[in-house]
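Notes to accompany the following structure.
The analysis underlying the following values was restricted to heavy atoms, covering all of them including side chains, and did not include hydrogens, waters or symmetry mates. What you are looking at is a predicted structure, and each value in this text was computed from that prediction instead of being measured.
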Amino acid sequence: MMRFTKTLAAAAMAAATALLAGSAWADGLLMKGTDLPEAARARLVKEVAEAKAQHPEAFAAVRGVRGHRPEVYRTFRNPVPMVERELRGLGPSALWPMLEAIALEKPPTDGLSSRDTEALAAGLLAAVGSLRDARSGPVLRVAFERSAAGSRVERAAAEAMGRLCGDAELSTLVARSAAGQERRLAAIGGLGECKRTESAKQLAQIAAGSEEAAAEAAIGALGRVGSSWAWQALGREAEAQGEAVRSIAARGLVDAFVAHRRAEARAEVQKAILLVEHPAALDAIDRARGRADQETVIALDALRARVAPKLSR
């Protein structure tokens, strides 16, 4: 009897292993199953299988989203394919179905244009990022690296990584935001969603740099990463970390104001400073005056006059 039981257990294990291996080799919407590291792929397949057994309705709901289909979005006043809101509305139970669609089993794309399919992919990534679940990290990182440079999908993957903002995501975004990197602009956008001091420091350095497109992107990202209302929404427990990040962002923006003389760039810096709304900007302005030329001093004084009433409260 014991021998028979062991034989049954071995057979069950073999069947499970075969099923796992077969699922792991399937292709998702944005990657092949084999693009994931082996251990991460095995964990994903296991979690997806368990979730599907417990909540098959969540998988059906994800596969049934309609906002990217022409017969649906063409009825809108502004006909743009979009599924992020639909997917977010499904809540946390949609995590594993969305990760399956991205990495393991491509959802139906019959009758869709490349634009429609891209909207589905970007929506999946954005909705996964909004859940801020660390278990999505391996899929998001591969999606970012496998996406077409400069695409909507690349930006969505980078921003989803930024919202998650674990050590691995932060490291990837910092590395990819370096000068000369193909994915630099998307990585900068991702850092704007990563509310950590390391992210703010990297963005401040880029914002004061000489590469115009990267600096412009970093200025906007500093406004987001240091946004006062965004930090308030995170609650009192985040207040101390928020102070440090906002101070770095405010000082970095003043450095960018000094570094860039174009009126358009300085207008964007001013907007970002008002978003961050931290008094460190006033101290940075005063310090910058002492080492600036006369033209820049005049510009700094004008900046101070515009932002001081709000930052001094």
Side-chain angles (χ1 to χ4, degrees), residues 122 125-126 129-130 132 140-141 143-144 147 149-234 238 241-260 262 264-278 280-281 284 303 307 311:
L125 290 167
S130 72
R132 292 179 167 84
L140 294 178
R141 294 195 297 274
F144 175 61
S147 60
S151 68
R152 178 180 175 184
V153 171
E154 181 194 45
R155 294 192 300 273
E159 289 173 5
M161 288 170 61
R163 292 189 183 100
L164 185 57
C165 204
D167 289 344
E169 290 74 41
L170 176 63
S171 178
T172 297
L173 291 172
V174 167
R176 290 301 193 182
S177 68
Q181 288 287 320
E182 183 182 36
R183 301 188 183 278
R184 190 178 198 198
L185 294 182
I188 290 170
L191 288 172
E193 304 298 328
C194 181
K195 298 188 181 303
R196 291 174 59 169
T197 56
E198 300 92 336
S199 177
K201 288 177 181 177
Q202 178 74 355
L203 289 171
Q205 181 180 350
I206 297 169
S210 59
E211 187 181 332
E212 192 171 294
E216 181 180 336
I219 288 166
L222 278 172
R224 295 194 303 278
V225 82
S227 168
S228 60
W229 68 263
W231 278 102
Q232 288 169 10
L234 293 176
Q241 184 182 359
E243 277 293 307
V245 172
R246 289 172 60 218
S247 177
I248 293 167
R251 295 177 187 279
L253 286 165
V254 173
D255 289 342
F257 185 90
V258 172
H260 303 289
R262 288 188 308 109
E264 297 83 359
R266 286 182 167 176
E268 290 304 311
V269 170
Q270 181 180 307
K271 288 180 187 177
I273 288 174
L274 291 172
L275 280 175
V276 175
E277 202 176 6
H278 195 282
L303 174 66
V307 303
L311 304 190

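A donor-acceptor distance shorter than 3.5 angstrom exists from the side chain of Arg246 to the backbone of Val276, with no hydrogens or angles considered. Here the side chain of Trp231 pairs a donor or acceptor atom with the backbone of Val225 at under 3.5 angstrom. Panel note: side chain Ser228, backbone Glu277; no donor-acceptor pair is recorded below 3.5 Å. Counting only distance, with no hydrogens or angles, the side chain of Ser147 and the backbone of Phe144 share a donor-acceptor pair below 3.5 Å.
Annotation: the span from Lys271 atom NZ to Ile219 atom CD1 amounts to 11.5 Å, rounded to 0.5 Å. Taking NZ from Lys195 and OG from Ser227, the interatomic distance works out to 6.0 Å, rounded to the nearest 0.5 Å. To the nearest 0.5 Å, the span separating CD on Glu211 from CD1 on Ile188 amounts to 7.5 Å. One finds the NE2 atom of His260 at 10.0 Å from the CG atom of Asp255 (value rounded to the nearest 0.5 Å). Between Glu264 atom CD and Glu212 atom CD the span is 9.0 Å, to the nearest 0.5 Å. A distance of 12.0 Å separates CD of Glu159 from CG of Leu140, quoted to the nearest 0.5 Å.
In this structure the side chain of Arg224 never reaches within 4.5 angstrom of the side chain of Leu275, judged on heavy atoms. Within the 4.5 Å cutoff, the side chain of Ile273 has no heavy atoms near those of the Phe257 side chain. Counting only heavy atoms from C-beta outward, the side chains of Arg184 and Ile206 approach each other to under 4.5 Å. In this structure, Arg196 and Cys165 have side chains that are in contact, with non-hydrogen atoms separated by less than 4.5 Å.
Summarising the geometry of Arg141 relative to Ala168, their closest heavy-atom pair is NH1-CB, 3.5 Å, with the distance given to 0.1 Å. Gly129 approaches Ala160 most closely through the heavy-atom pair CA-CB, 3.7 Å. Closest approach of Ala204 to Gly252, counting heavy atoms only: CB-CA, 3.8 Å. Residues Ala281 and Ala250 share a closest heavy-atom pair of N-CB, 3.8 Å.
Residues satisfying the salt bridge (Lys or Arg N to Asp or Glu O under 4.0 Å) criterion with Glu216, sequence neighbours excluded, are absent altogether. Residues forming a salt bridge (Lys or Arg N to Asp or Glu O under 4.0 Å) with Arg176 (at least two apart in sequence, or on another chain): Glu145.
Within the structure, salt bridge (charged side-chain N to carboxylate O under 4.0 Å, His left out) contacts touching residues 200-209 (residues at least two apart or in different chains) do not occur.
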When you look at Leu170 and Leu191, which way does the side chain to side chain contact (heavy atoms under 4.5 Å, CB included) test go after all the steps?
CA-CA 7 Å; Leu170 176 63; Leu191 288 172; 3.9 Å; yes
Given Glu243 and His278, is the side-chain hydrogen bond (donor to acceptor under 3.5 Å, both in side chains) satisfied, shown in steps?
CA-CA 8 Å; Glu243 277 293 307; His278 195 282; 3.0 Å; yes
Given Ser177 and Leu173, is the side chain to side chain contact (heavy atoms under 4.5 Å, CB included) satisfied, shown in steps?
CA-CA 6 Å; Ser177 68; Leu173 291 172; over 6 Å; no
Candidate pair Leu125 and Val153, rule side chain to side chain contact (heavy atoms under 4.5 Å, CB included), full reasoning:
CA-CA 8 Å; Leu125 290 167; Val153 171; 3.7 Å; yes
